[in-house]
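Step one of this worksheet: look at the structure below.
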Number of protein chains: 2
Amino acid sequence: MVTMRDVAERANVSIATVSFVINGTKRVAPETRARIEAAIQELNYRRNVVARALASSRTRILALLHPDLESKPNATVIQFVMGAAHGARERGYDLVLWPVNDDEQMSHLLAGGLVDGVLLMEVQIRDARVARLLASRVPFALIGRTEDDDLPYVDIDFATTIHQAVEHLRGHGHERVALVAQQADATTEPGRIMRVESAYLDAIAPLGHPPAVIRVESTSAGGRAAARRLHDDFPEVTAVVLVNEGAAAGLAKGTRALGRQVPGDLSIISAATTRELGEMIEPSLTVMAAPAAELGRMAADALVDRLEGAEEAPPQVLIPCALVPGESVGPPPPR
Amino acid sequence: MVTMRDVAERANVSIATVSFVINGTKRVAPETRARIEAAIQELNYRRNVVARALASSRTRILALLHPDLESKPNATVIQFVMGAAHGARERGYDLVLWPVNDDEQMSHLLAGGLVDGVLLMEVQIRDARVARLLASRVPFALIGRTEDDDLPYVDIDFATTIHQAVEHLRGHGHERVALVAQQADATTEPGRIMRVESAYLDAIAPLGHPPAVIRVESTSAGGRAAARRLHDDFPEVTAVVLVNEGAAAGLAKGTRALGRQVPGDLSIISAATTRELGEMIEPSLTVMAAPAAELGRMAADALVDRLEGAEEAPPQVLIPCALVPGESVGPPPPR
DNA sequence: CTGAAAGCGCTTACAG
DNA sequence: CTGAAAGCGCTTACAG
């Protein structure tokens, strides 16, 4: 292995000077610099990142802390993860995956000193991991939000997204618009659920009709259950905003299985999902595409900004989803 | 930060002895050990992984080297990635994501000394990255295979999978079975394409009919194109084995758009996809579920085995997909 | 502008 | 069974 010492010897300088040119930390005379750069070339030297990390107490590694995603493969999730990985790489950081649910194990990992910062996914309204993170003093950024808004986060702008979805449906003449959201289970209560529901209530208020909210699990079966509940409990509803990626296909299939046409009898917008998902379903769903890759990238970026000492207020970023028209929205059925 | 020195002082031993008990590298007298363990507890000491890495020249970090997955979110991919992350964690290793296409950048990363080993995804038949990896002397394992079979790999057993798919269709009375595979583009030629096609030829040989192979891109549009080609070019075909996850939904939709029923006119098995994908489509697709999470886990495991000095031959693992019946396979239409 | 040297927090022969 | 010490390959005050 070629070390900095080898380079220094070949260029007839001290290792300190080599370090200065590699890192650009101090000005170095042009001819000295040239000698060093030549030596680096000739020896094909590459600085050892571990030694650098130890000496500088900065590893330039970020952790992506997420629950076990194996069980619920969600199309937007991988885009998010890849966005974060790219964002980190572009800033010269590495991203490690920490599939950790156990809050104890998380503290262990944090204390090991491997990472400079943490990206926390699937944030809950009250999230014990946030307290651990705060206690560990390791900088972090959230994907999603907790109850209190003074932590750095990056999130989908659900308010704008839902409003635009409802607006789009109103433009087609719908007045009775339901929301199909995600069911919180005992342990998890993503902040998004709460925010989505309140955005929905806001958005439909001008229509002057009572809200229709259905919560189902994020699976095909959940989607079919939603179709049935819509049919049985809310027959006056002519359009639905869905914020539950896993249930999208089931909702479309279930609706048709009940003899109702999409969009003839029921219009559907699937918010915060991928365009690819929309295309897979029959009829192709009109979606509000989640800016998942951008969010991942921005989360990494924001975290690196903090690590590199940008002293501003904690970054708080909201991005709305973008409407991608499909074939699942039309006028309401004649009464 | 609490260091090993702090622990040593509190326990009245040398830091070497502390290291021995933490790592179990040498036997230590029971009472000494007890003192040290107590000190660790009291100080809540956690060994610094960076210092350990530098001293032992083992970082216990693995890299997952993959192309940009953002563009083609493929449901099995995330399961694979998560499987690898879990597998690594369980062995006490961290997994970093390296979204790298550029083969130059890859060498840079490899030379940095951050990782002990590499997992290489989306392996091509002739893969330049493999040569780089070999040159770098960093141990690795492949997901998929190159032309030559003497490198350590973990892969789907396509031969068995395709045979079982064809067998299943024969059991329903099909004799004319087509293959819809993935189109290789200029730069990528996954080894799987080749292996899938030859497995298909083997599997249908006993049927005594000419093969019908269609290659399309891995998108909904590709799937619709396949439906049309089947209809136009291979009217005698009554069943298809699909090995192209991205095209699955398009094939089903496209077939129906041509006025043909699934499975009434055409039976479909989608191989090497997730069960969730099958459920999303209408009708629910019969799939051969890819053992993606297992493969990821096994790849990580195999790599760690090598790193920890298992001297055996390079691990080569093949796992077939498992049949998950849906509603897309039935008897062939009466002639 | 450059260098000598301490130090980052561990592991690991080597001695005893 | 335990310790003193060298060393992993860098960065970074501090001097000059």
Side-chain angles (χ1 to χ4, degrees), chain A residues 1-37 39-40 43-61 92 108 110-116 307-309, chain B residues 1-37 39-40 43-61 92 108 110-116 307-309:
Chain A
M1 171 187 253
V2 184
T3 71
M4 199 171 258
R5 182 166 308 280
D6 300 321
V7 174
E9 277 172 11
R10 182 166 195 120
N12 264 306
V13 294
S14 73
I15 60 167
T17 308
V18 176
S19 176
F20 298 152
V21 346
I22 287 181
N23 296 306
T25 14
K26 273 194 184 174
R27 57 175 352 87
V28 170
E31 49 282 18
T32 311
R33 161 185 302 276
R35 279 213 314 285
I36 292 171
E37 279 167 350
I40 289 174
L43 297 173
N44 192 25
Y45 169 69
R46 208 75 60 199
R47 159 182 60 194
N48 181 297
V49 298
V50 178
R52 171 150 97 131
L54 182 59
S56 63
S57 42
R58 308 256 326 266
T59 62
R60 294 172 185 264
I61 299 176
H108 274 244
L110 250 16
L114 180 69
V115 304
D116 287 347
L307 294 176
E308 312 214 318
Chain B
M1 170 188 254
V2 184
T3 71
M4 200 171 257
R5 182 165 309 281
D6 299 322
V7 175
E9 278 171 12
R10 183 168 193 115
N12 264 306
V13 294
S14 72
I15 60 167
T17 308
V18 176
S19 176
F20 298 151
V21 346
I22 288 180
N23 296 305
T25 14
K26 274 194 184 173
R27 57 175 352 87
V28 169
E31 50 281 19
T32 311
R33 161 185 303 276
R35 280 212 315 284
I36 292 172
E37 280 167 349
I40 289 175
L43 297 173
N44 193 26
Y45 169 70
R46 207 74 62 199
R47 157 182 62 193
N48 180 299
V49 298
V50 178
R52 168 150 99 134
L54 182 59
S56 63
S57 42
R58 309 256 328 265
T59 63
R60 291 170 187 266
I61 300 177
H108 274 244
L110 249 18
L114 179 69
V115 305
D116 287 347
L307 295 175
E308 312 214 316

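Residue numbers begin at 1 in each chain, while the letters A, B, ... track the order of the sequences.
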Contacts of B/Lys26 and B/Ile22 projected onto DNA chain C by closest heavy atom; the upstream (5') one is B/Ile22

Between A/Ala16 and B/Arg46, name the one whose nearest nucleotide on DNA chain C is closer to the 5' end. A/Ala16

Give the dot-bracket line for DNA chain C from 5' end to 3' end: parentheses for intra-strand Watson-Crick or G-U pairs under 3.5 Å, square brackets for crossings, | for inter-strand pairing, dots for unpaired. |||.||||||||.|||

Do other residues, nucleotides or ligands put more than 12 heavy atoms under 6.0 Å from the CZ atom of A/Arg58? yes

Checking B/Thr59 side chain against B/Leu114 main chain: does a donor-acceptor pair fall under 3.5 Å? yes

Between B/Ile36 and B/Ile40, is there a side-chain heavy-atom distance shorter than 4.5 Å? yes

Does any part of the side chain of A/Val49, heavy atoms only, come nearer than 4.5 Å to the side chain of A/Arg60, both counted from C-beta? no

Looking at B/Val28, B/Ile22, B/Asn23, which one forms a side-chain contact (heavy atoms from CB on, under 4.5 Å) with B/Thr25? B/Asn23

Which is true for B/Val13 with a 4.0 Å heavy-atom rule: it touches a base, it touches only sugar-phosphate, or it touches nothing? sugar-phosphate

Quick one: does A/Val13's side chain get under 4.5 Å of A/Arg35's, heavy atoms only? yes

Tell me what A/Ser57 touches on the nucleic acid: a base, only sugar-phosphate, or nothing, going by heavy atoms under 4.0 Å. nothing

Start and end of chain B contact along DNA chain D [non-hydrogen atoms, under 4.0 Å]: D/dC1 to D/dG9

With a non-hydrogen cut-off below 4.0 angstrom, is B/Arg5 in contact with a base, only sugar-phosphate, or nothing? nothing

Applying a 4.0 Å non-hydrogen cut-off, can you work out what B/Val50 is touching in the nucleic acid: base, sugar-phosphate, or nothing? nothing

Can you list everything that forms a salt bridge (charged side-chain N to carboxylate O under 4.0 Å, His left out) with B/Glu9? Sequence neighbours excluded, please. none

Assert: residue with more 5' nearest nucleotide on DNA chain D, out of A/Ser56 and B/Ala51, is B/Ala51

With heavy-atom distances below 4.5 Å as the criterion, would you say the side chains of B/Val2 and B/Asn44 are in contact? no

